[in-house]
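Notes follow once the structure below has been shown.
In what follows, chains are A, B, ... by sequence order, proteins preceding strands, each numbered from 1.
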Protein chains: 2
Amino acid sequence: MASVTKVRRARGERRRRELLEAALDVIDQRGVQATTHRAVAEAAGVPLATTTYYFESIDHLLEEALMLFVTEEAARLRALAERLRGTTASPAEIAADFARELAEGSPWERPLKRVQFELYLEASRRPRLREAAQQCVATYVELTEVALTAAGSPRAAEGARLFVALADGLGLHGSFAPSDRPHTPADLSAALTELFIPFAMGADERAAWAERLAEPRGGAAVAGGAPAADQTHGRGR
Amino acid sequence: MASVTKVRRARGERRRRELLEAALDVIDQRGVQATTHRAVAEAAGVPLATTTYYFESIDHLLEEALMLFVTEEAARLRALAERLRGTTASPAEIAADFARELAEGSPWERPLKRVQFELYLEASRRPRLREAAQQCVATYVELTEVALTAAGSPRAAEGARLFVALADGLGLHGSFAPSDRPHTPADLSAALTELFIPFAMGADERAAWAERLAEPRGGAAVAGGAPAADQTHGRGR
DNA sequence: GCAGAAGCTGGACAAAAGTCCAGCCTTTGT
DNA sequence: ACAAAGGCTGGACTTTTGTCCAGCTTCTGC
């Protein structure tokens, strides 16, 4: 009797899971709001009624699918974090590795890149998705913190959020970039490397820059050079 | 006769414009895909048939509304660019000013913050919106380039894209941030200031950092200090 | 085998949304 | 004033969508 329910549940769970994955595909392709019972059922290759059988409503289906996305992402990134922990690669190499994985790797063939942004936008309207979206960002931030630490940043915790924001912003922009100038992992890697510079600095040097940037300027341009006033390298090319 | 059509057209244009603005409100509130004829008509306080009278289809209405958003943003930012050109404020002040304007100012009362992201996501699916989204980003990039130049960056053109991506990423994350830790213009300003550091550097110093970051590391952390081995500014003063 | 229970689905239905048009209303030239 | 010329809209029609349920299928314990 116990085994009965167990077997049935196992099949049901598989079916349910397939529906959620199909829903993620549809969300990626058409957007959350345009994801209908019929579209999901067709994508999963099941009869229409299946979606209402397994899920209380279309909203529940959508929300659960987006939550699945978050847990899948977490699992995927955990592996990358493991790989990064304790590496002795250079910061530039770590950035490149990181960028490649973020931009390409995914449990599904195609990146489902838009799903993440659909989740974020939907979360700003549906309280029930807020937590999922926040957890998604938190996952990325944690991984990024590991990467920053691995790359030798003394301010990994402080900087991780910014790296994630930068990567997300570039990813979003990339989703509609002109095809003759697509965003590549190399672009992302270069961008992350730029942002890494202030987070690779020691506290003192960073503080000196802060001071420097708060000073009112007289001329039309910041004189090139280091924060300490007596340094002039890079000026007057 | 000419004046007849002119008068009518003037009224029609006003009406049309009101519909587009109402549509932007609805898009912000519910999302592009959930924006219906009925919702727009209600928001604009006009009969249902009005929306189909002025627009060929719901898609045309949506797309035109999003394009209006872009031109409005361009107009808004042009004013900010004018203000920034030729300022002698410090980079930190410029970043703060910039952040405040980006985060708060808007032709409409509420920021319509989500509209921008709706546009981006929609543009990744509808070719007809691609150009608008690209133009939107280009507008932000141009403004940012002015700001970077005003702040004295020797690499304004190169960096502008990254600043826009960072700002967008933070804005997106902020749209669903927990209410007890909201994203403020101050956060944005601080983030932009961090990213400004590598773009405030002179070419030589920047190159030295690039070299430094490409070197394999032995230890567990980057030793604080400057990239050029013989430069020690900012370190242990 | 078989009875019963649970899983599943074909098909139907109400609600919601996009679109259309016949005719009302406002404007205007005379 | 008045009739012609559009602008505008009430209302209806069609399509799409979410949801439900009666009944068929499959599985299990005996």
Side-chain angles (χ1 to χ4, degrees), chain A residues 1-27 29-66 118 122 125-126 128, chain B residues 1-27 29-66 118 122 125-126 128:
Chain A
M1 187 214 276
S3 68
V4 174
T5 37
K6 207 182 269 182
V7 168
R8 301 225 164 148
R9 276 201 183 144
R11 282 224 299 179
E13 285 306 312
R14 184 152 36 92
R15 210 91 193 278
R16 204 182 152 85
R17 169 66 173 249
E18 283 166 7
L19 281 176
L20 290 175
E21 293 186 5
L24 285 179
D25 270 340
V26 177
I27 289 171
Q29 216 114 30
R30 311 193 192 181
V32 172
Q33 307 278 4
T35 299
T36 66
H37 276 145
R38 283 166 177 82
V40 173
E42 191 182 7
V46 301
L48 168 61
T50 308
T51 54
T52 53
Y53 175 72
Y54 282 103
F55 299 92
E56 195 177 327
S57 76
I58 186 72
D59 283 342
H60 282 76
L61 168 54
L62 289 172
E63 287 164 19
E64 210 168 312
L66 290 172
E118 290 283 344
E122 242 358 76
R125 302 195 181 95
R126 306 193 197 200
R128 301 185 55 188
Chain B
M1 189 215 279
S3 69
V4 174
T5 37
K6 205 182 274 180
V7 169
R8 301 225 161 143
R9 277 201 181 144
R11 282 222 300 178
E13 284 306 311
R14 185 153 32 93
R15 210 91 191 279
R16 204 182 152 86
R17 168 68 173 249
E18 284 166 7
L19 281 176
L20 291 174
E21 294 187 4
L24 285 179
D25 270 340
V26 177
I27 289 171
Q29 218 114 31
R30 311 193 193 180
V32 171
Q33 307 277 6
T35 299
T36 66
H37 276 145
R38 286 167 174 80
V40 173
E42 191 182 7
V46 300
L48 168 61
T50 308
T51 54
T52 52
Y53 175 71
Y54 282 102
F55 299 92
E56 198 177 326
S57 76
I58 187 71
D59 282 342
H60 282 77
L61 169 53
L62 289 172
E63 286 164 19
E64 210 168 312
L66 290 171
E118 291 283 346
E122 250 344 85
R125 302 194 181 96
R126 307 192 196 201
R128 301 185 56 188

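For A:Arg15, whose side chain is taken as the heavy atoms from C-beta onward, the closest listed nucleotide among C:dT9, C:dC20, D:dC8 is C:dT9. With distances taken from any side-chain atom of B:Tyr54 to the nucleotides C:dT9, D:dC8, C:dC21, the minimum falls on D:dC8.
A donor-acceptor pair under 3.5 Å is formed between the side chain of A:Gln33 and the backbone N or O of B:Arg30.
In this structure, the separation between CD1 on A:Ile27 and CD on A:Gln29 is 11.5 Å, given to the nearest 0.5 Å.
One interatomic measurement links the two molecules: CD of A:Gln33 to P of D:dT17, which rounds to 13 Å at whole-angstrom precision. Atom-to-atom, CZ of B:Phe55 to P of D:dT9 comes out at 14 Å; the value is rounded to the nearest Å. Atom CD of B:Glu18 and atom P of D:dG7 are 18 Å apart (whole Å). Atom-to-atom, CZ of A:Arg16 to C1' of C:dC8 comes out at 15 Å; the value is rounded to the nearest Å.
Put simply, B:Tyr53 has no side-chain N or O that comes within less than 4.0 Å of OP1 or OP2 on D:dT9. Contact between the side-chain N/O atoms of A:Thr50 and the OP1/OP2 oxygens of C:dC8 is not found at any separation under 4.0 Å.
When all heavy atoms of B:Ile58 and B:Thr35 are compared, the pair lying nearest together is CD1-O, 3.8 Å.
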Under 3.5 Å, which donor-acceptor pairs do the side chains of residues 39-49 of chain A form with other protein atoms, sequence neighbours left out?
none

Strictly under 4.0 angstrom, non-hydrogen atoms only: write out the protein contact profile of nucleotides 14-19 of chain C, one letter per nucleotide from the 5' end, B, S or -.
---BBB

Run the side chain to side chain contact (heavy atoms under 4.5 Å, CB included) check on B:Leu62 and B:Glu122 step by step: do they pass?
CA-CA 10 Å; B:Leu62 289 172; B:Glu122 250 344 85; over 6 Å; no

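Remark: B:Arg16 engages B:Glu64 in a side-chain hydrogen bond (donor to acceptor under 3.5 Å, both in side chains) (not counting sequence neighbours).
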